[in-house]
Amino acid sequence: MNKDASSTKEYKPQEIEAFWQKKWSDDKTFTPSLWTDPKPYFNLMMFPYPSAEGLHVGNMYAFTGADVHGRFKRMNGYQVFEPIGLDGFGIHSENYALKVGRHPAEQAKISQKNFYRQLASTGNGYDWTRTLETYDPDYYRWTQWLFIQMFKSGLAYRKKAKVNWCPSDKTVLADEQVIDGKCERDGAVVEKRDLEQWFFKITDYSDRLLAGLDKIDWPEKVKIAQKLWIGKSKGARLKFKVDSQNRELEVFTTRPDTLYGATFMVISPEHPLVEEILSGADANISKRIIENIKQYVVEAKNKTEQDRTATDKEKTGVESGLLATNPVNGAKIPIWIADYVLMGYGTGAIMAVPAHDERDFAFAKKYNLPITEVIEPKGGSVAHHPRPTSSLKDSDAVARRGSPNRATPNLPFVGEGRIINSESWNGWEMPESIDKVIEWLKENKIGKEESNYHLRDWLISRQRYWGPPIPMIYCKKCEEEGKGEREDMPGWYSAPLDQLPVLLPDVTDWKPMGSGESPLASHPEFYNTTCPSCSSVARRETDVSDTFLDSAWYYLRYLSIGDTKNMSKDIKTDKNGQEENDGSKVPYVPGIIKRWCPVAIYIGGAEHSVLHLLYVRFIAMVLHDLKNQPQNLALEFEEPFPRFFAHGLIVKDGAKMSKSKGNVVVPDAYINKFGADTLRLYLMFIGQFKDGGDFRDSGIEGTNRFVKRVWNLFNTVEFGPDSEETLRMINKTIKEVTNDIESFSYNTAIAKLMEFYNHISDDKKWSKETATSYLKLFAPFAPHMTEELWKNMELGEGSIHFSSWPEHQEKYLETNEVIVPIQINGKRRGEITVSSKDIKDQAKVEEKAKEIVSAQLEGKEVKKAIYVPGKIINFVV
RNA sequence: GCCUGGGUGGUGGAAUGGUAUACACGCACGCCUUAAGAGCGUGUGGCGAAAGUCAUGCGGGUUCGAGUCCCGCCCUAGGCACCA
């Protein structure tokens, strides 16, 4: 090897990278033919929302990691489809437009240009013929189509709902923008406002969304997050008679087995029964009590969400003056009103079992309500002396052992145990006890089995400007006549499909109004229309849809644009003679979807665990069920992403990168200075792809040094026969780097490439085969430089990205010798060299080690030898 | 409180139960330079002159052998949280 660098060509990444990026784009190197390619591989990465000042290194990190995977698959013979687009509709982008004082549409144009320029400069192998932007009318036409399908399937409906209202921003906020009851932007306490809203019935799919999780290869933490979000609780719904009122009070409980321990009931301040009481329907309730209730309800209403849900808040409540009857033992128990019971879950009413529920227990203690124990802990006979409450941790509540029937236990017992004090149920044990009790309650017509879910319907309306107008039309006349597209929603019609898209008008007063209405509501030229049914004057919906709807189906659209946009052409090339969609019925070409979906791998951030990643599964299931359309157009799969990889986050100086902290790093300056290859290599090197890493300027210079060294080496290399050492090293490197890239362990892959360089660069010859293999291993990380070297060295025809991955060179391993350390009783006592063909032969290895071992035995005897082939031999004496 | 991850040099981080600290940063010394920079080379966990010996958050255990497996703690990051 020539170490004199003065004669080598200087490494100029700017020139090399510009050249190759143009060539890839001109040659359509990364544009697969969607109809004909034999081994399709849809390598999908979460598309960015271009709301900030530009692509930052956190984005680039994610995209580069995904691109390394794509290039690896391409070199393994797959036809990789790696598309990119912009999630530019929605509140993030609109907020950014507000901040910089530009019209969102104008800002979108600027952002789009900048983002695509930045994305291209990273050298990722994107298919630039199939980009999409969610604000493109040709895209949101189909987002609106999707809304209409939801409506026609009965999955979209309207109801009055409380929305988050930020008094400082004068706008509604999405749930995800509310953190601890405060606006994420300015920290103002969020209020609730009642508004008529559109919802999607995602709750209809609760069980399927839950069941699907078992079938997909996703990080466990994401699955758990979705499971908890859906939050299925099995239990029972029970009826209690209310005294002196001719009605029943229904409750939901997960612990019907504790029914004999129900000593009072609690209803939420919003419960309908409260209004009945306040209306004075029951003459037996004293004025004083009604006054108390009135006051309490007003207080509860005025509390912020934050105050009401604070965990360590002391419980409060008032007596309702009503009594209920416990259906199993006929006990008269008081009904209380307290805000620790939420109207939004279950029935808004509970049976309180203070002996076995921490919240009920705290409430009972405070208001001196009776506590009856009905569950005896397993092994409950074991006596346990009471300890002072102050020294008890909460976790002790679960472990508490106590004798039953104690008048006032210190803590509720919430673990599993045996039923006591419950007549015929006595002795039943968890978990069978719950099923048996439910069976008993059914037979006695007291209750029935029921499950409740944490998941709520998806609030889809946004009173904003920058989104797809909800394509619905309201006709007052039809409503009065009780007519409508759907029987349950008189007056409402979906916009006729041939009139899509309902264009978002270009208006100057686009800023949020603060009235609870979208800015579109002040534009009669937008909302005035005619009723699709009776042709009288009608009004368009003026809200837009949630940005998560835009991103819930985009992966399908990637496969339906570019050369597939003119779909009639593709119908002719479909050799199966199957009649294909002409693009007017569904937003995709079923034949192409069949080939490329479900997506081979989805790569993105785990922060989308329960929003995007849940919605996208939901929408796929809806399109799988596809009602009101020919069934051959429905999706064949239910789970769009059978495999999802969650990458880590890039932090800067130990802190999460964010605009508010002012530590956002934009890649442009680094690409200009060092080149994209250096930055890619650096980003992939700083930690496991699943973990992320800490971005530091000092580290990138080291990577740059390495890139330059490799460049110089290849520019001065003289090919010759490999040394034994080189053969052994390249074989090992190929093997390990392949495994590492396959398992997203990019940082160790790069470390091994560096290690190989260190071994090989100094005065050692290597063969052309070794050089090619090394370059190929390098290519996914530093695509431009390796292409350039590949070309300069005339190593083969065409782009390196279509050449195959290096074959394992097992044959070399056989000629090698391996050093095996010798241990005696686990302590290192020397080493021997073993030839590869003897590696698995323990007897031979023992024989070889004999001399060294016997010299150190000091009269002791070898009891046994433990041999780990090629790794270690340990003699036990 | 509950659920996930994670605690290894000065730093980022490697280690299918098998030579702990790969690779890189930083630092030190040297070469080359008038000099600086770049580049190249050598060294770099602690203690010890050395043989050695002690080190992977803390305390136990299993094993010929534990960063890795088991039990009990501590700390830390993220997610969820009055969901009956």
Side-chain angles (χ1 to χ4, degrees), chain A residues 3-6 219-225 227-229 231-233 235 251-255 258 265-266 268 308-313 315 338-342 344-353 356-360 362-363 393-395 397-398 452-456 606-607 609-610 648-649 651 654 656 681-682 685-688 690-691 693-703 705-706 708-709 712 739 745 747-758 762 819-828 831 863-877:
Chain A
K3 286 198 323 189
D4 179 10
S6 62
E220 209 51 36
K221 62 173 174 180
V222 177
K223 287 201 207 178
I224 290 170
K227 227 169 241 177
L228 292 176
W229 189 262
K232 181 173 185 169
S233 307
V251 301
F252 171 74
T253 177
T254 55
R255 294 293 305 274
T258 62
M265 300 185 81
V266 185
S268 158
R308 256 188 87 162
T309 57
T311 45
D312 43 6
K313 192 198 73 166
K315 303 216 171 345
D339 66 4
Y340 82 91
V341 172
L342 310 171
Y345 186 81
T347 60
I350 62 162
M351 63 175 215
V353 184
H356 306 292
D357 181 279
E358 288 175 44
R359 294 151 304 179
D360 297 344
F363 195 79
K393 283 178 282 180
D394 286 345
S395 57
V398 177
N452 264 280
Y453 300 85
H454 176 223
L455 186 68
R456 304 295 155 78
E607 70 271 21
S609 290
V610 289
L649 293 177
V651 299
K656 205 183 208 169
L681 206 57
Y682 172 65
F685 183 61
I686 53 182
Q688 290 274 351
K690 68 175 166 59
D691 295 334
D694 198 350
F695 190 91
R696 283 158 204 246
D697 286 8
S698 59
I700 198 169
E701 285 173 20
T703 316
R705 270 201 285 277
F706 174 60
K708 282 198 257 181
R709 282 195 285 241
N712 289 338
N739 287 338
S745 194
N747 59 335
T748 54
I750 293 166
K752 279 158 195 164
L753 292 172
M754 289 177 171
E755 195 181 358
F756 180 74
Y757 170 89
N758 290 344
D762 193 26
I819 294 164
V820 178
I822 298 170
Q823 295 181 349
I824 296 174
N825 282 352
K827 300 256 181 192
R828 191 180 171 151
E831 62 187 35
K863 283 184 198 143
K864 60 174 172 175
I866 297 149
Y867 178 55
V868 184
K871 294 269 184 173
I872 201 148
I873 181 155
N874 184 26
F875 293 90
V876 184
V877 298

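Note on naming: letters A, B, ... go to the chains in the order of the sequence lines (proteins, then strands), and numbering restarts at 1 for each one. Since we're looking at a predicted model, the values are computed, not measured.
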Problem set entry | P spacing across the pair B:rG10 / B:rC47, given as an integer number of angstrom | 11 Å
Exercise. Mind checking what makes side-chain contact (heavy atoms from CB on, under 4.5 Å) contact with A:Phe252, not counting sequence neighbours?
Worked result: A:Ser233, A:Thr254, A:Tyr345, A:Glu450, A:Asn452
For this session: State the syn/anti category of B:rG6 according to its glycosidic angle, syn meaning within 90° of 0.
Result: anti
Problem set entry | Test side chain to side chain donor-acceptor pair (under 3.5 Å) applied to A:Thr748 - qualifying residues, sequence neighbours left out | A:Asp740, A:Ser745
Problem set entry | Between B:rU8 and B:rU76 - P atom distance, rounded Å | 14 Å
Exercise. Using the C1' atom in both, what is the distance from B:rU11 to B:rG45, to the nearest Å?
Worked result: 14 Å
Seminar exercise, completed: When rounded to whole Å, the CD1 to C1' distance for the pair A:Ile750 and B:rC25 reads 15 Å
For this session: Mind calculating the distance between CE (A:Met351) and P (B:rA84) to the nearest angstrom?
Result: 12 Å
Problem set entry | For A:Phe706, all residues meeting ring-ring contact (aromatic ring centres under 6.0 Å, His included), sequence neighbours excluded | A:Tyr757, A:Phe778
For this session: Could you work out the separation of B:rA66 and B:rA20 based on their C1' atoms and round it to a whole Å?
Result: 11 Å
Exercise. How far does CG of A:Asp357 sit from CZ of A:Arg255, to the nearest 0.5 angstrom?
Worked result: 9.5 Å
Seminar exercise, completed: From CG of A:Leu228 across to C1' of B:rC2 the rounded distance in Å is 9 Å
Seminar exercise, completed: Contacts of A:Phe363 meeting ring-ring contact (aromatic ring centres under 6.0 Å, His included) (sequence neighbours excluded), chain-then-number -> A:Phe264, A:Trp336, A:Tyr340, A:Tyr367
Exercise. If we take the P atom in both B:rU62 and B:rC70, what is their distance in whole Å?
Worked result: 15 Å
Exercise. In chain order, what residues pass the side chain to side chain donor-acceptor pair (under 3.5 Å) check against A:Asn747, with sequence neighbours excluded?
Worked result: none
Problem set entry | Residue closer to the 5' end of RNA chain B, A:Gly702 versus A:Thr254 (nearest nucleotide) | A:Gly702
For this session: Could you give the distance separating B:rC69 and B:rC3 at their C1' atoms, to the nearest angstrom?
Result: 23 Å
Exercise. Got a sec, which residues hit salt bridge (Lys or Arg N to Asp or Glu O under 4.0 Å) with A:Lys232, two or more places apart in sequence or on another chain?
Worked result: A:Asp207
Exercise. Counting side-chain heavy atoms from C-beta on, which of B:rC23, B:rC82, B:rA84 comes nearest to A:Asp339?
Worked result: B:rC82
Exercise. Taking atom C1' of B:rA24 as reference, at what distance in whole Å does atom CG of A:Asp697 sit?
Worked result: 15 Å
Exercise. Between A:Asn712 and B:rG39, does any side-chain N or O lie under 4.0 Å from OP1 or OP2?
Worked result: no
Exercise. Looking only at atom types and distance, does a side-chain atom of A:Tyr682 sit under 3.5 Å from a main-chain N or O of A:Phe695, one as donor and one as acceptor?
Worked result: no
Problem set entry | Distance (rounded to the nearest 0.5 Å) between A:Arg456 CZ and A:His454 NE2 | 5.5 Å
Exercise. Rounded to the nearest Å, what distance is computed from the CZ atom of residue A:Arg709 to the C1' atom of nucleotide B:rA38?
Worked result: 12 Å
For this session: Sticking with atom C1', work out how far B:rG60 lies from B:rA50, rounded to a whole angstrom.
Result: 35 Å
Exercise. Phosphate oxygens OP1/OP2 of B:rA38: is one of them under 4.0 Å from a side-chain N or O of A:Arg705?
Worked result: no
Problem set entry | Separation of B:rG65 C1' from A:Lys864 NZ (nearest whole Å) | 11 Å
Problem set entry | Watson-Crick and G-U pairing of RNA chain B written in dot-bracket, each distance under 3.5 angstrom, with | for inter-strand partners | (((((((..(((.....[....)))((((((.......))))))(((....)))..(((((..]....))))))))))))....
Problem set entry | side chain to side chain donor-acceptor pair (under 3.5 Å) partners for A:Arg709, two or more places apart | none
For this session: Using atom OH of A:Tyr453 as one end and atom P of B:rA84 as the other, report the distance to the nearest whole Å.
Result: 13 Å
Problem set entry | Nearest-angstrom distance, P atom, B:rU16 to B:rG7 | 13 Å
For this session: Remember a base hit wins even if backbone is also touched, and classify A:Asp357 as base, sugar-phosphate or nothing at under 4.0 Å, heavy atoms.
Result: nothing
Exercise. Reckon A:Gly231 touches a base, only the sugar-phosphate, or nothing at all at heavy-atom distances under 4.0 Å?
Worked result: nothing
Problem set entry | Letter per nucleotide, 5' to 3', of nucleotides 10-20 of chain B [B base touched, S only sugar-phosphate touched, - untouched; heavy atoms, 4.0 Å] | -SBSSS--BB-
Exercise. Rounded to the nearest 0.5 Å, what separation is found between the OG1 atom of A:Thr258 and the CE atom of A:Met351?
Worked result: 3.5 Å
Exercise. Between A:Lys221 (NZ) and B:rC2 (C1'), how many Å, whole number?
Worked result: 18 Å
